[in-house]
Novice: 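I'd like to ask you about the structure that follows.
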Amino acid sequence: MSTQVHEDNPGQVKAQVDQRQQQGASPALNAASSSSVQTQIAFAQSAFANIQDLNRTMDAKANYLLSSVALLTAALGLVASSAVTVTAQEDWQRVLKGAGIVLMLLYLLVAFAVIAVATNIYRARSQRVAATTTAPGMLFPLMILKRYSVADNPDEKAYLNRLETLRAEDILQDYSNQIMEVSVIYEAKQKQVNLGLSLFRWTGILWLLAMFVVVTIIIVIP
């Protein structure tokens, strides 16, 4: 009987087949969509972690600059302590000693500039991207405290409630916002590192000149 109905109503048969195909394809489409979202979130996480690593690299370079300046200054100080106590008897000896003191002072000024730039790299930076973002603000600590506080007190329940209602789009938007934030921070750190390296070149030149003159003073002035 069923076969007879189908043969008499070919349109009904086609409709039933289309319905079954749609029902069978729906889980596959949902799975593909879910896989795409997971791929996007994984990429955002990777990009965020990569930029954070780059920021840590800038901090490491700042640490190298500080360590190098400290070593150079200590070495120059050990040698200069003997040269400063030397008593100059003749005019050329006084000129040589004066030149050594001037070079040491110049070196100290540039070395201090390097230290100031390097320590500025470590400076904590607040939110830089426009505060009008619609990102939920679930990643950056200062943004979390700003958005999920009541009477200036952190509200853990408010944060938990927002966390429980997060959608995939919200997660991607939050990562997007924070990727831009840390990118701006990286740009600022990179500029400071490049400035510090430029100053450090002059520090090295002045250190060599000062060390040469100081050693000469120790040798030629009895």
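Computed from a prediction, not measured in an experiment: that's the story for all the values here. We count residues from 1, following the sequence as given.
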Novice: Do Ile144 and Arg147 come within less than 4.5 Å of each other through their side chains, counting heavy atoms only?
Specialist: no
Novice: How long is the straight-line distance from NZ of Lys146 back to CE of Met143, given to the nearest 0.5 Å?
Specialist: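 Going from CE on Met143 over to NZ on Lys146, the span is 7.5 Å.
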Novice: So, for Tyr148 and Pro136, which heavy atoms are closest and what is the spacing to 0.1 Å?
Specialist: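 Looking at all heavy atoms of both residues, the shortest contact is OH-O, 2.7 Å.
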Novice: So which atom in Gln192 and which in Val117 form the shortest heavy-atom distance, rounded to 0.1 Å?
Specialist: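 Closest approach of Gln192 to Val117, heavy atoms only: O-CG1, 3.1 Å.
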Novice: Throw together a table of side-chain donor-acceptor distances under 3.5 angstrom for residues 65-84, partners on residues two or more places apart or in other chains.
Specialist:
| unit_1 | atom_1 | unit_2 | atom_2 | d |
| --- | --- | --- | --- | --- |
| Ser67 | OG | Asn63 | O | 3.0 |
| Ser68 | OG | Tyr64 | O | 2.9 |
| Thr73 | OG1 | Val69 | O | 2.7 |
| Thr73 | OG1 | Tyr107 | OH | 2.8 |
| Ser81 | OG | Leu78 | O | 2.7 |

Novice: So which atom in Ala62 and which in Tyr122 form the shortest heavy-atom distance, rounded to 0.1 Å?
Specialist: C-OH, 3.7 Å
Novice: Can you tell me if Ser183 uses its side chain to pair, donor with acceptor, with the backbone of Ile179 under 3.5 Å?
Specialist: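 Indeed, once roles are kept as given, a pair shorter than 3.5 Å links the two residues.
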Novice: Could you check whether any side-chain N or O of Ser46 sits under 3.5 Å from a backbone N or O of Ala42, counting only pairs where one atom can act as donor and the other as acceptor?
Specialist: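 Side chain of Ser46 to backbone of Ala42, a donor-acceptor pair under 3.5 Å: no, none is there.
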Novice: So, applying side chain to side chain contact (heavy atoms under 4.5 Å, CB included) with Val215, which one of Ile219, Ile217, Val213 is it?
Specialist: Ile219
Novice: Going from OG1 on Thr57 to NZ on Lys189, what distance comes out if it is rounded to the nearest 0.5 angstrom?
Specialist: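 Thr57 atom OG1 to Lys189 atom NZ measures 10.5 Å (nearest 0.5 Å).
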Novice: Check whether any side-chain heavy atom of Leu105 sits under 4.5 Å from a side-chain heavy atom of Leu109, and report yes or no.
Specialist: no
Novice: Following the transitive rule for hydrophobic clusters with a side-chain heavy-atom cut-off under 4.5 Å over Ile, Leu, Val, Met, Phe, Trp and Tyr, establish whether Ile101 and Phe112 coincide in one cluster.
Specialist: no
Novice: Does atom CD (Glu169) have a neighbourhood of more than 12 heavy atoms from anything else shown, all under 6.0 Å?
Specialist: yes
Novice: Can you name the closest pair of heavy atoms from Leu206 and Leu106 and give their distance?
Specialist: CD1-O, 3.7 Å
Novice: Once ring pair (Phe, Tyr, Trp, His ring centres under 6.0 Å) is applied, do any residues pair with Phe200, and if so which ones, sequence neighbours excluded?
Specialist: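 Listed in chain order: nothing, the list is empty.
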Novice: Tell me every residue that passes side chain to side chain contact (heavy atoms under 4.5 Å, CB included) with Leu145, counting only those two or more places apart in sequence or in another chain.
Specialist: Ser149, Pro154
Novice: Can a salt bridge be assigned to the pair Asp59 and Arg56 using a cut-off of 4.0 Å between side-chain N and carboxylate O?
Specialist: no
Novice: What's the separation between atom CD in Gln173 and atom CE in Met138, rounded to the nearest 0.5 Å?
Specialist: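 If I round to the nearest 0.5 Å, the distance is 13.0 Å.
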Novice: Listing request: all salt bridge (Lys or Arg N to Asp or Glu O under 4.0 Å) pairs with a residue in residues 199-216, at least two apart in sequence or in separate chains.
Specialist: none
Novice: Any non-hydrogen side-chain atom of Met180 less than 4.5 Å from a side-chain atom of Asn177?
Specialist: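 No. Closest side-chain heavy atoms not under 4.5 Å.
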Novice: Check for me, please, whether Phe48 and Leu163 land in the same ILVMFWY cluster - side-chain distances under 4.5 Å, paths through other members count.
Specialist: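 Same hydrophobic cluster.
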Novice: Just by modelled atom types, is the Lys157 backbone N or O under 3.5 Å from a matching donor or acceptor in the Asn161 side chain?
Specialist: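 Yes; judged by distance alone, with no hydrogens or angles, the pair exists.
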Novice: Go through the structure and list residues passing salt bridge (Lys or Arg N to Asp or Glu O under 4.0 Å) with Asp152, not counting sequence neighbours.
Specialist: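 Per chain and number, Asp152 pairs via salt bridge (Lys or Arg N to Asp or Glu O under 4.0 Å) with no residue.
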Novice: Taking all non-hydrogen atoms of both residues into account, name the closest pair between Phe140 and Gln178 and its distance.
Specialist: CB-OE1, 3.0 Å
Novice: About how many Å separate CD1 of Ile171 and CG of Leu166, when rounded to the nearest 0.5 Å?
Specialist: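 Between Leu166 CG and Ile171 CD1, I get 5.5 Å after rounding to 0.5 Å.
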Novice: Quick one: do Ile205 and Leu195 end up in the same hydrophobic cluster if we chain Ile, Leu, Val, Met, Phe, Trp and Tyr together by side-chain heavy atoms under 4.5 Å apart?
Specialist: yes
Novice: Rounded to the nearest 0.5 Å, how far does CE of Met104 lie from CE of Met211?
Specialist: 10.0 Å
Novice: Taking all atoms of both residues into account, what is the closest heavy-atom pair of Asn55 and Val182, and its distance?
Specialist: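 Minimum heavy-atom contact is ND2-O, 3.5 Å.
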Novice: Taking Phe43 as the starting point, is it possible to reach Leu54 by hopping between hydrophobic residues whose side chains are less than 4.5 Å apart?
Specialist: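 Different hydrophobic clusters.
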Novice: Should we count NZ of Lys61 as having more than 12 external heavy atoms under 6.0 Å?
Specialist: no
Novice: Which residues pass the salt bridge (Lys or Arg N to Asp or Glu O under 4.0 Å) test with Asp155, not counting sequence neighbours?
Specialist: none
Novice: With clusters defined by side-chain heavy atoms of hydrophobic residues (ILVMFWY) lying less than 4.5 Å apart, directly or transitively, does Leu209 cluster with Val95?
Specialist: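 In one cluster: no.
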Novice: In Å, rounded to the nearest 0.5 Å, how long is the span from CD1 of Ile115 to CG of Asn120?
Specialist: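 Reported value, rounded in 0.5 Å steps: 13.5 Å.
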Novice: Compare all side-chain heavy atoms of Arg162 with those of Asp170 and state whether any distance is below 4.5 angstrom.
Specialist: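 Yes, at least one pair of side-chain atoms sits under 4.5 Å.
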